[in-house]
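Here's the structure we're looking at; comments come further down.
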Amino acid sequence: MTEIASPFISQPRILVLGVMPGKPGTPPFRIVEIDGEVVCQARTVTDVLEVAASYGIKVHDLDDPNVVCWVGGDKFTWTPRPARR
């Protein structure tokens, strides 16, 4: 296979990991990585946008997989999933 025929695999700069339960009395959060470095614990989508802007990343579409990779949910997922039985 030549390089031209190989598929394009995007590597988004922003990775938002799954929801982690907070300590008792604190809200849940999601770890945010930018360029492979852990940069913050986001509690809302606004936190993700603010930290991206602080790194010079303009996010025009939170659903663009070339920009943001959401793990364990999407931009609307901010509470832990109930345990399966």
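Remark: side-chain polar atoms of Asp64 are not paired, donor with acceptor, to backbone N or O of Asp61 under 3.5 angstrom.
With sequence neighbours excluded, the residues that form a salt bridge (charged side-chain N to carboxylate O under 4.0 Å, His left out) with Asp63 are Lys75.
Asp74 and Arg30 get closest at one heavy-atom pair: O-NH1, 2.9 Å.
With side-chain heavy atoms closer than 4.5 Å counting as contact, directly or through intermediates, the hydrophobic cluster containing Val48 also holds Ile14, Val16, Val32, Ile34, Val39, Val45, Leu49, Val51, Tyr55, Ile57, Val59, Leu62, Val67, Val68, Trp70, Trp78. The hydrophobic cluster containing Val71, built from Ile/Leu/Val/Met/Phe/Trp/Tyr side-chain heavy atoms closer than 4.5 Å, also comprises Leu15, Leu17, Met20, Phe29, Ile31, Val38.
One finds the CD atom of Glu33 at 10.0 Å from the SG atom of Cys69 (value rounded to the nearest 0.5 Å).
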